[in-house]
Amino acid sequence: MSEAFQAPVGTHDVLGAEAAQWEGVIATFAQLAYRYGFSMIVTPVFEEVGVFNRGIGEKSEVATKEMYVFEDRGGRTYALRPEGTAPVVRAFVQHNPTLPFKAWYFTPAFRYERPQKGRYREHHQLGVEVLGSEDPAIDVEVISLLNDYFKAVGLKQFRILINSMGHEECRSKYVETLRAYLADRVDQLCEEHQKVWDQNTLRLLDCKKVECVAITDAGPQLPDHLCTECEAHFTAVKSGLEALGVSCERTPRLVRGFDYYTRTTFEFVSDALDGAQNAIGGGGRYDKLAEQLGGNPTPGIGFGSGVERLLLALEAEGQTEPLINRTPAVFVVDTTETDAASLICHELRSAGIATVRAYDNRSMKAQMKVADKSGARFALLVGPQELAAGQITIRDLRSEEKIEQISIPREKVLAEVLSRLGK
RNA sequence: GUGGGCGUAGCUCAGUUGGUUAGAGCGCCAGGUUGUGGUCCUGGAGGUCGCGGGUUCGACCCCCGUCGCUCACCCCA
């Protein structure tokens with residue numbers, strides 16, 4: 001046992017019933033993103049470290065302590081992506097596509113942290129990015145998409161927190177005011193922040209310690225420092241969402257971990273999940289990011305949503321049924337030791353019917369047991385009798401009381417199965 | 001990075017104050033039913049008790065270390 005390998009710390013294999021759930025939530029997202037006019041984008045899982053450092057902030061927790069950074073054999077320094085936005089913006093800058101550029105993705109993300117419930121070293125995100133417009137209608141569309149998505153997968157107990165960081169100027173003015181205010185009260189902060197309060201001052205707003213909450217509550221507030229344009233933008237987003245019947249709570253404390261955010265930021269939180277890891281999706285505007293990554297100034301907005309967290313939230317709400325059916329329609333039982341099963345399977349599969357079978361010439365009883373467990377609707381039986389008579393026996397595996405089973409000519413099997421499946 | 005809990009069959013777990021061949025349920029395989037699943041009955045396979053060291057006449061049990069899992073802090077999806 002000690003000789004066998006296992007998945008690295010903080011990573012997980014997804015298989016079996018869980019995999020069906022993954023397929024369901026991913027397919028639902030892809031479908032919805034298509035409806036909203038997004039195309040899929042695939043970018044490398046690793047990038048030059050600068051892509052992340054410049055975007056999410058060199059002093060941010062994620063960049064300083066949590067990135068998987070490595071040097072390749074050519075001496076280049078790369079990082080495994082800790083989040084999904086920066087790579088998309090990098091690709092956008094590189095290819096300069098027509099605007100607006102709307103892309104969705106499904107990607108793993110890597111952060112070197114201590115794993116716990118709802119937090120892993122490798123997790124997966126579904127997300128979208130829109131580049132090329134600062135129209136509040138886009139903010140509305142992006143938030144509405146995520147809202148529709150969570151509803152589509154059956155999530156009920158979630159809320160939307162929204163805030164505006166203002167553009168660069170509002171933001172830096174506010175940070176200055178806040179720092180000045182805090183400078184006189186450092187000793188009243190929580191132990192941890194007394195040491196690091198001037199490193200990333202905004203993050204202090206996110207501190208849950210009573211000391212910090214009390215001080216920041218009494219201090220200068222972010223909404224009071226927005227310029228008229230930023231406040232107008234925020235108001236437009238808010239009313240746009242209301243028009244769609246999407247309600248959200250303005251949360252001045254909502255300060256997200258990446259430096260690239262400007263103006264709108266938002267977070268979807270699940271009330272079915274315990275406090276610490278309750279964010280199931282989050283994002284915001286990043287109007288300066290394209291520039292920071294060497295492109296033309298281009299506003300953008302997007303979100304990332306954690307698949308593992310979403311699944312935890314669904315489970316916490318008691319919803320464990322996959323959104324997609326992955327049980328086969330037909331199971332072929334063959335005891336003739338010929339290629340009969342192989343031919344039937346191929347014929348049905350070619351006609352679009354999910355068909356499975358047993359292998360290794362097992363007894364009919366054994367094959368029937370496997371058929372039962374497969375969840376297939378029908379079993380097609382071929383034994384020496386059927387082979388000699390040119391027939392196939394079709395048996396309904398779902399009939400609970402009476403056993404329903406008839407034999408039909410071999411050449412009529414496809415038509416019979418299709419009609420029984422209502423196709 | 002810091003702290004708590006836990007590592008016994010594929011899974012969920014028992015295992016008496018350390019005492020001889022380590023158990024159950026589920027799952028798996030075979031048979032009962034010489035061609036037919038879901039219920040039932042019988043039998044079987046499967047464990048170097050995470051790994052390494054120590055204490056002891058003797059360790060799954062006690063001690064130390066290590067690896068892993070898990071929960072929390074921090075941070076975030």
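Order of the sequence lines sets the chain letters (A, B, ...), proteins ahead of strands, with each chain counted from 1.
Checking G27(B), G37(B), C71(B) against every side-chain atom of Lys117(A), the shortest atom distance belongs to C71(B). Nearest to the side chain of Arg395(A), among C74(B), G27(B), G38(B), sits G38(B). Listed nucleotides C73(B), G68(B), A77(B) differ in distance to Arg256(A); the shortest reach to its side chain belongs to A77(B). Closest to the Leu381(A) side chain, of the nucleotides U36(B), C74(B), G37(B), is U36(B). In this structure, of A77(B), C75(B), A72(B), it is C75(B) that holds the atom nearest to the side chain of Gln277(A). The side chain of His12(A) approaches U70(B) more closely than any other nucleotide in the set G37(B), U70(B), A77(B). Closest to the Lys365(A) side chain, of the nucleotides G31(B), A77(B), C74(B), is G31(B). Distance from the side chain of Val9(A) is smallest for G68(B) among the nucleotides G38(B), U36(B), G68(B).
Residue-to-nucleotide contacts include a donor-acceptor pair under 3.5 Å from the side chain of Asp372(A) to the base of G37(B). Gln367(A) contributes no side-chain N or O that forms a donor-acceptor pair with the base of U36(B) under 3.5 Å. A donor N or O paired with an acceptor N or O is found under 3.5 Å between the base of G3(B) and the side-chain atoms of Arg114(A).
Partner assigned to U66(B) is G50(B), using Watson-Crick or G-U wobble distances below 3.5 angstrom. With a cut-off of 3.5 Å on both Watson-Crick or G-U wobble distances, the partner of U16(B) is given as none. As the counterpart of C75(B), no nucleotide is assigned, since no Watson-Crick or G-U wobble pattern has both distances under 3.5 Å. Across all strands shown, G10(B) is found opposite C26(B) as a Watson-Crick or G-U wobble partner, with both distances under 3.5 Å. Using N1 to N3 plus N6-O4 or O6-N4 for Watson-Crick, or N1-O2 and O6-N3 for G-U wobble, each under 3.5 Å, A59(B) pairs with nothing.
Within 4.0 Å (heavy atoms only), Phe258(A) reaches sugar-phosphate atoms of the nucleic acid but no base atom. Residue Val307(A) is out of contact with every strand shown, counting any heavy-atom pair closer than 4.0 Å. The residue Ile280(A) sits close only to the backbone: its heavy atoms come under 4.0 Å of sugar-phosphate atoms, none of a base. Contact annotation for Thr85(A): no contact, since no heavy-atom pair falls under 4.0 Å across all strands.
Rounded to whole Å, atom P of U70(B) lies 14 Å from atom CD of Glu113(A). Here U2(B) presents its C1' atom at 11 Å from NZ of Lys65(A), a figure rounded to the nearest Å. Summarising the geometry, the separation between CD on Gln116(A) and P on A72(B) is reported as 5 Å, rounded to the nearest angstrom. Rounded to whole angstrom, the span from the NZ atom of Lys369(A) across to the C1' atom of G32(B) amounts to 12 Å.
Taking atom P on both U56(B) and U16(B), the two are 23 Å apart, rounded to the nearest angstrom.
Between Arg256(A) and Glu267(A) a salt bridge is recorded (basic side-chain N to carboxylate O distance below 4.0 Å). In summary, Arg398(A) and Asp396(A) do not engage in a salt bridge, as defined by a charged side-chain N under 4.0 Å from a carboxylate O. No salt bridge links Arg54(A) with Glu291(A); every basic N to acidic carboxylate O contact stays at or beyond 4.0 Å.
Side-chain atoms of Leu244(A) and Glu242(A), non-hydrogen and from C-beta on, never get closer than 4.5 Å to each other.
Aromatic stacking of His124(A) on A77(B): not satisfied for centres closer than 5.5 Å together with planes under 30 degrees.
Nearest-nucleotide positions on RNA chain B for Gly304(A) and Glu386(A) put Glu386(A) closer to the 5' end. Of the two residues contacting RNA chain B, namely Val370(A) and Arg119(A), the nearest-nucleotide position lying further toward the 5' end is that of Val370(A).
Put simply, CZ on Arg159(A) and SG on Cys248(A) are 12.0 Å apart, with the number rounded to the nearest 0.5 Å.
Side-chain contact check for Tyr34(A) and Ser39(A): no donor-acceptor pair (N or O, by modelled atom type) lies under 3.5 Å.
Between Tyr112(A) and Tyr68(A), the distance separating the two ring centers is shorter than 6.0 angstrom.
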